[in-house]
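Keep in mind that what you see is a predicted model, and the values were worked out from it rather than measured.
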Amino acid sequence: MAGRYISPYEEKRLKNMEENRRILESLGLVGPDSVKPKRVVKKKAPLKRKKTIHVHMPAKKVILTDGLVDEQVDTDQDGFTPTRRSARLRGKAAPSLQELRTEVDEELEAERDTRYKPVPKDRPNVFGEIPGFPVGTWFETRMESCRAGVHRPTVAGIHGNDYEGCYSLVLSGGYEDDLDYGECFTYTGEGGRDLKGTKANPKNLRTAPQSKDQTLTRGNLALSVSMETRRPVRVMRGYKLDSAFTPEEGYRYDGLYSVDKFWFTAGLSGFGVYKFVLSRCPDQAPPPWTLPASGDNSDSDTDTNKADSDSGVSMTTGTETEAD
DNA sequence: GGGCCCGCAGGG
DNA sequence: CCCTGCGGGCCC
């Protein structure tokens, strides 16, 4: 096999991953022979999360409107013409868009009301699991997990402070040399970015390329405090993460982890970053994922392991598996 | 699909 | 008030 070209970036990425791997091994979190689980969920573009509800609803929702046959078939904005394809309903017109929209809105609202309480003005920050949102709970957006209190910041990946530590964090990709073994992972700190632009070209960004070293402040400091206190950190994984444990869509609460170690090193940008190792706390509900059967050396693309979001634990608000 | 830039929650 | 951030919607 001819050695194919490896870009300097890729070379550094592999080197950093090797460093991360060595540290996980030194902590006894992975063995020298353990294989990094490969991503099974295919990478796909995030769904357009429109406010308006698409006519092409999951089967469960459509059944609710059975009998409501409307001759005036609407066409939604994308030009999709609703037709009913199941044997039972073949040939019948779909209910009107307005009817579907109303029913679905009401159902979603009713479901939300049982799960989400009104958010008080000054709710306290808490460690550990949030009642009503067990391991495996799925959120469509960061805003929903904020309302639930599972991970409160709407953009930032780390929630914490310098006196209590870190309450929660989100793995969302964006740092391509991090490793995710499910039971443990490495996580890059925050900061080192220029979000305001220059004086000549001012900006108002929420994210930007790294342009300076990270510092041990804010979220990074919070995580270092958590390493001392050993308090549990709530962990969510987001759809943008590139690992074997990535949810297909949205965000999934994956349980409590503890911070085992951190260090300062050169990130992929060339600027300094803080790296953290977290590992799953024992004595909690089992993780919401299933690993591929052992013996598979993670090269086959055969889907031995269907998507993790099919594993029943998730409390979906909209996305049921489609039966037809 | 990529670039731009907004509201938002949280903390100082 | 200020500043920050592993979102996200919109426009091209």
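- Note on A:Tyr251: every side-chain N or O is 4.0 Å or more away from OP1 and OP2 of C:dC6.
- In this structure, CZ of A:Arg147 is placed 18 Å from P of C:dG7, rounded to the nearest angstrom.
- Residue A:Lys203 has no polar side-chain atom (N or O) positioned under 4.0 Å from OP1 or OP2 of B:dG3.
- Going from atom CG of A:Leu268 over to atom C1' of C:dC6 covers 14 Å, rounded to whole Å.
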Distances under 3.5 Å between protein N/O atoms and the N/O atoms of nucleotides 8-12 of chain B, please, pair by pair.
unit_1	atom_1	unit_2	atom_2	d
B:dC8	O2	A:Thr154	OG1	2.9
B:dC8	N4	A:Arg206	NH2	3.4
B:dG10	OP1	A:Arg152	NE	2.4
B:dG10	OP1	A:Arg152	NH2	2.8
B:dG11	OP1	A:Asn125	ND2	3.4
B:dG11	OP1	A:His159	NE2	3.0

Stepwise side-chain contact (heavy atoms from CB on, under 4.5 Å) check, A:Phe264 with A:Asp213: CA-CA 10 Å; A:Phe264 186 75; A:Asp213 288 353; 4.1 Å; yes

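- A:Gly238 comes within 4.0 angstrom of no nucleic acid atom, judged by non-hydrogen atoms across all strands.
- If you take NE2 of A:His151 and C1' of C:dC6, they are 9 Å apart, rounded to a whole angstrom.
- Rounded to whole Å, the distance from OH on A:Tyr239 to P on C:dG7 is 7 Å.
- Using modelled atom types, one finds a donor on one side chain and an acceptor on the other under 3.5 Å when comparing A:Asp260 with A:Ser279.
- Contact annotation for A:Gly191: backbone-only contact, meaning every heavy-atom pair under 4.0 Å involves sugar-phosphate atoms and none involves a base.
- Rounded to a whole angstrom, the distance from the C1' atom of C:dC6 to that of B:dG12 is 22 Å.
- Residue A:Tyr9 is found in a hydrophobic cluster whose other members, listed by chain and number, are A:Leu268; membership requires side-chain heavy atoms under 4.5 Å apart, directly or through intermediates.
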Secondary-structure notation, DNA chain B, from Watson-Crick and G-U pairs under 3.5 angstrom (| other strand): ||||||.|||||

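- For the salt bridge (charged side-chain N to carboxylate O under 4.0 Å, His left out) test with A:Asp177, the passing option among A:Lys275, A:Lys12, A:Arg21, A:Arg13 is A:Lys275; the others fail.
- The interatomic distance linking A:Asp194 (CG) with C:dC3 (C1') rounds to 13 Å, in whole Å.
- Note: CG (A:Leu221) to P (C:dT4) measures 17 Å, nearest angstrom.
- Distance, A:Arg142 CZ to C:dG7 P: 4 Å, rounded to whole Å.
- Under 4.0 angstrom from either OP1 or OP2 of C:dG8 there lies no side-chain N or O belonging to A:Lys240.
- Between the CG atom of A:Asp242 and the NZ atom of A:Lys38 there is a distance of 11.0 Å, given to the nearest 0.5 Å.
- Here C:dC6 presents its C1' atom at 17 Å from CZ of A:Phe139, a figure rounded to the nearest Å.
- Under the 30°/60° scheme for interplanar angles, the aromatic rings of A:Tyr167 and A:Phe127 are found to be tilted.
- Identified under the salt bridge (charged side-chain N to carboxylate O under 4.0 Å, His left out) test for residues 263-274 of chain A, with sequence neighbours left out: none.
- The side chain of A:Asn204 places no N or O atom within less than 4.0 Å of a non-bridging phosphate oxygen (OP1 or OP2) of B:dC5.
- Within 4.0 Å (heavy atoms only), A:Leu171 reaches at least one base atom of the nucleic acid.
- Every residue two or more places apart in sequence or in another chain was checked for a salt bridge (Lys or Arg N to Asp or Glu O under 4.0 Å) with A:Glu18, and none qualifies.
- Residue pairs satisfying the side-chain hydrogen bond (donor to acceptor under 3.5 Å, both in side chains) criterion with at least one member in residues 219-229 of chain A, sequence neighbours excluded, are absent.
- Ring planes of A:His151 and A:His159: perpendicular class, angle over 60° (limits at 30 and 60°).
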